[in-house]
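For the single chain, residues carry numbers from 1 onward in sequence order. Treat the numbers as computed from the prediction; the structure is a model and nothing was measured.
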Amino acid sequence: MKKFSISLFLVLKVFNTWAQPNQEIKGRVVDSRSQHPLREVVVRVVDAADTARTTAAGYFLLKTATEGTQTVQVYKHGYRTKQFLVDTRANKPLDLGIIPLEEDLPSGIERPLTSLAAVDLEEQYAESENSSGLTASSSALSLQRAALEWSAARYQIRGLDGKYHRVLVDGIPMNKAHDGRSLWSNWSGHHHLLIRREFTLGTATSGRDFGGILGTQNIETRASSLRKGGRFSLGSSTFFRYKSMLSYVSSSKNRRWHYAISATKAEGNAGAIEGTAAEVSSVLLAVEKQFNSRHHIHFTTIYGYSKRGKSSALTDEVTELMGPRYNPYWGWQGSYKRNSRFKVVAEPLFTLAHYWTFDDKTQLTTTLAVQTGMVGNSSLGYRATSNPDPTHYKNLPSYFLSYHNSSGIQLGHQQPYLGLATAARAYFLDNSQINWTQIYRDNQQNGYSRIILYQDRTDDQTHTVNIYLQNKRSQHLSLYTGLGYQGLRSENYRLLTDLLGGSAYLDTDYAASQAQTDLNSANRPLGVGDRFGYHYRLQADFLQAFMRLSSDYRRLQWAVAVQASRTGYRREGLTKNDNDAELSDGKSAKKIFTDYGIKAEATYRLNRRHRLGGQLAYTGLAPTLNTVFSNARLSNQLAPGVTSENTLSAAAQYSLQTNAFKARIGGYLIEIKNAAQLSFHYSEGISGLTPDGTLSNASVSELLTEIDKRHLGGELSAEYSVSPAITIAATAAVGQYFYTNNPRMQLQVDRWAQTVDYGSTRLKNYRIASGPQTAASLSITYTPPTKWWLRLVAAYLDNNYTALAPIRRTDYWIANPENPNNSPYTALTAAELRTLLQQEKLHRILQCNFTMGKQWRRRKKALSAFLSVENLFDMRYKIGGFESARNANYKAYAQDYYSGNPAFGNRYTHGAGRLWYGKIYYQF
């Protein structure tokens with residue numbers, strides 16, 4: 001009887017087990033930043049024994065017999081654990097979709113949006129605006145190295161400008177219509193809250209935007225997606241005396257309300273370059289309301305203010321006299337080190353988004369955004385007096401050493417010019433900074449100011465509406481569509497900010513024979529707060545529609561995206577300038593550009609370890625607002641020949657991933673057609689401006705059109721885990737970026753409102769000045785289980801070239817005005833011309849970086865500290881440069897060049913030397 005009872009119990013137990021429902025829960029786990037699948041992720045039901053692990057493709061299938069509302073936990077070492085509430089009573093498979101996991105790095109070592117150098121070097125140099133906007137980190141090794149190890153040397157991914165990289169905040173484009181770049185300082189200091197983002201590299205397609213040929217990044221600020229709790233940090237660096245940040249993220253008890261607030265403040269007396277003091281402050285507020293499972297509303301506002309002192313590019317002569325840290329823009333005013341040139345940015349952003357989830361397959365997102373504010377660049381203005389810049393060419397020894405008489409004979413190496421050069425050297429060493437005391441004294445004695453401080457202002461108002469629909473058509477097919485409008489209204493003017501001791505300033509163009517800057521108010525005396533010089537409005541309207549279809553099968557992933565866009569520009573002059581009275585005021589014609597684009601990509605998984613991928617794209621890109629008008633400060637005249645750029649891009653990659661080793665090798669080819677470039681400079685000895693062929697001196701706007709460029713190269717990255725605590729990584733990027741044709745060049749002379757066609761400028765096969773074209777790094781990272789870590793990096797960068805002066809490569813530059821029909825100088829040989837026009841290659845860069853940190857955890861609280869040092873051995877090097885366009889003809893340039901002490905040599909930007917950054921975090 002006893003045996004029978006036991007047997008009956010076992011049989012009933014088996015039948016009871018069979019009768020329980022076997023619920024299936026499936027999904028896919030990916031890295032939140034790279035979107036690459038994560039393998040060996042543990043997925044389990046809390047308080048149950050049901051467990052599953054993801055495959056190499058990131059998929060999992062979890063079976064559970066537990067009924068009711070259960071908690072599913074997704075866990076992988078090195079990543080933040082996620083939990084989901086699911087109802088297992090539905091008796092049908094549950095698809096959790098794509099689950100992104102964020103890396104669980106200690107507080108002090110989160111991969112930032114920008115590297116130490118990219119954050120603190122921003123705008124420390126005069127040409128910093130030319131750097132790429134692509135500073136985001138990624139799990140793609142080559143990009144991570146580029147963002148972290150190479151940014152201090154102005155490395156640009158694939159040699160492309162930041163306008164080719166689309167930056168979005170909550171789906172709202174942040175690229176400026178003026179130059180196409182995003183201004184990262186608008187949200188500086190909140191990187192720890194902005195870690196949730198979708199990122200694509202190169203021509204890969206994006207679900208939120210058609211994107212650029214360099215990549216797309218969408219930063220999300222939804223409060224419900226942020227880590228709950230508070231955070232405080234305090235740090236110091238080469239550039240800032242202190243940096244502080246306080247943030248807190250929380251939600252209501254019923255989890256219907258979520259909010260995040262963050263405030264940051266930083267100040268510095270001087271950076272690595274003398275006189276570059278900085279002040280940065282910012283506040284972020286994000287609030288999200290969840291009405292129900294279908295409707296969410298999210299509001300975010302970010303207000304950032306930054307003020308940074310600028311520095312100047314230097315000639316070799318000035319560097320030899322003063323050193324690479326010298327900055328001529330500042331001077332002592334009492335005990336205050338005052339910089340005459342600084343940049344101020346204050347552009348608050350407001351976004352309001354509505355998320356409407358129709359069902360588990362379809363979601364509609366509507367976003368409204370408003371961004372207002374100003375960007376101001378200050379400088380000294382002067383009239384009826386000498387240039388207050390201490391490095392003005394007449395203040396330097398080379399002005400006398402390079403002197404030639406009217407017959408072309410050099411006299412600079414004999415008396416009295418040697419003595420004058422010696423005296424100029426001594427005077428410059430004693431007066432190498434701006435003399436604020438003398439400026440105030442002279443202005444007070446003259447009554448009317450001869451030297452003033454002004455600010456070139458841009459006041460922008462941008463309104464954006466974006467509608468985005470995501471629809472999962474089937475288990476393998478997804479459709480993304482978007483429609484967006486962005487309108488810019490920009491007011492541009494010069495603002496008098498300081499009379500520097502004088503009583504008023506006369507509003508005339510002294511350099512143009514007292515021409516009136518506004519005929520409607522001639523000879524107007526100016527006071528502080530008055531607008532003068534120029535005043536105009538710009539209007540830009542951008543309409544875009546895109547569609548992306550993607551598919552994800554077991555071995556093959558593919559996506560196709562198309563877009564159509566319409567861009568319109570208009571100028572309205574508010575003053576009547578004497579130099580161009582007919583076209584300076586009133587509204588211009590509206591310039592319209594219509595563009596189309598298509599992208600395609602595919603990834604094929606050969607097996608768990610091997611993967612092949614490729615991307616193709618053809619895009620049209622409207623010119624930026626800054627290149628549409630010949631000289632927007634002066635006239636409504638449209639720049640002739642400016643059209644939309646056409647780009648063709650192709651890329652291919654192979655990747656290998658094992659438990660201990662992963663590697664990626666790829667190549668790319670980018671063809672850019674019909675690009676345009678507008679620059680401004682003052683030149684002497686310009687030919688072709690007058691009917692009689694005489695040479696002229698003038699301020700000109702130089703327009704290049706029909707520019708064709710090629711960017712090609714390869715990228716290699718590899719990472720090997722020697723042990724769970726030691727990782728070795730190597731990365732290399734080798735490229736060639738050069739012009740493939742001879743663009744058309746036109747000059748417009750400001751004071752005559754005259755345009756001269758200079759024909760072709762011979763740029764073909766010259767390198768594009770876009771930072772180092774070869775870069776490599778080797779790193780060792782040690783992360784033991786004791787919550788401290790160490791990282792050593794060695795970086796090598798080479799093939800960095802100076803920017804060209806196109807005017808030197810035209811027929812007009814070698815034309816002899818004394819010869820019939822302006823034929824070339826007879827003494828000029830082809831060999832000599834090659835020597836004079838050879839593009840300068842800067843010296844290679846070798847540097848080591850060092851980073852270490854430690855974390856202490858107790859329950860949900862953590863204290864972290866880290867120290868980062870870039871360029872550990874304080875190597876000095878040039879990171880950029882450009883040719884001078886001052887001498888606009890061969891004869892004057894050759895005399896200056898062969899003198900041995902050129903007055904108008906190349907100018908260079910120097911590296912900042914050793915950089916350090918230390919910070920402590922408290923997380924609660």
Inspect the contact between Arg181 and Asp179 and indicate whether a charged nitrogen and a carboxylate oxygen are less than 4.0 angstrom apart. yes
For His610 and Tyr654, does a side-chain donor sit closer than 3.5 Å to a side-chain acceptor? yes
Verify whether one side chain among Thr367 and Asn466 offers a donor that lies under 3.5 Å from an acceptor in the other. no
Any chance the side chains of Gln557 and Glu601 put a donor and an acceptor closer than 3.5 Å? no
Arg605 with Asp552: basic N within carboxylate O range, under 4.0 Å: yes
Begin from the C-alpha positions of His843 and Tyr877 and carry the test side chain to side chain contact (heavy atoms under 4.5 Å, CB included) through to its verdict. CA-CA 7 Å; His843 196 269; Tyr877 46 77; over 6 Å; no
Pair Tyr737-Gln156, side-chain donor/acceptor within less than 3.5 Å: no
According to side chain to side chain donor-acceptor pair (under 3.5 Å), who are the partners of Gln773, at least two apart in sequence or on a separate chain? Arg767
Can you tell me if Asp708 and Thr740 form a side-chain donor-acceptor pair at under 3.5 Å? no
Check: Thr761 side chain, Pro806 main-chain N or O, donor-acceptor pair, under 3.5 Å: yes
Quick one: do Asn674 and Thr643 satisfy side chain to side chain donor-acceptor pair (under 3.5 Å)? Show the steps, please. CA-CA 7 Å; Asn674 298 320; Thr643 62; 4.6 Å; no
Examine Arg158 relative to Tyr164 and say whether NZ or CZ is less than 6.0 Å from the centre of the six-membered ring and inside a 45° cone about the ring axis. no
Kindly write out the residues that satisfy side chain to side chain contact (heavy atoms under 4.5 Å, CB included) with Ala675, not counting sequence neighbours, or none if the list is empty. Glu645, Ile672, Ile707, Lys709
Quick check: are there more than 12 heavy atoms from other residues, nucleotides or ligands sitting under 6.0 Å from NZ of Lys764? no
When you compare the side chains of Lys841 and Asn799, does any donor N or O come within less than 3.5 Å of an acceptor on the partner? yes
Between the side chains of Asp541 and Tyr485, is a donor N or O closer than 3.5 angstrom to an acceptor N or O? yes
Parallel, tilted or perpendicular: which describes the rings of Phe661 and Tyr720, with under 30° parallel and over 60° perpendicular? tilted
Looking at Phe210, does the NZ or CZ of Arg166 lie under 6.0 angstrom from its six-membered ring centre and within 45 degrees of the ring axis? no
Report the residues that fulfil side chain to side chain donor-acceptor pair (under 3.5 Å) with Gln470, sequence neighbours left out, ordered by chain and then residue number. none
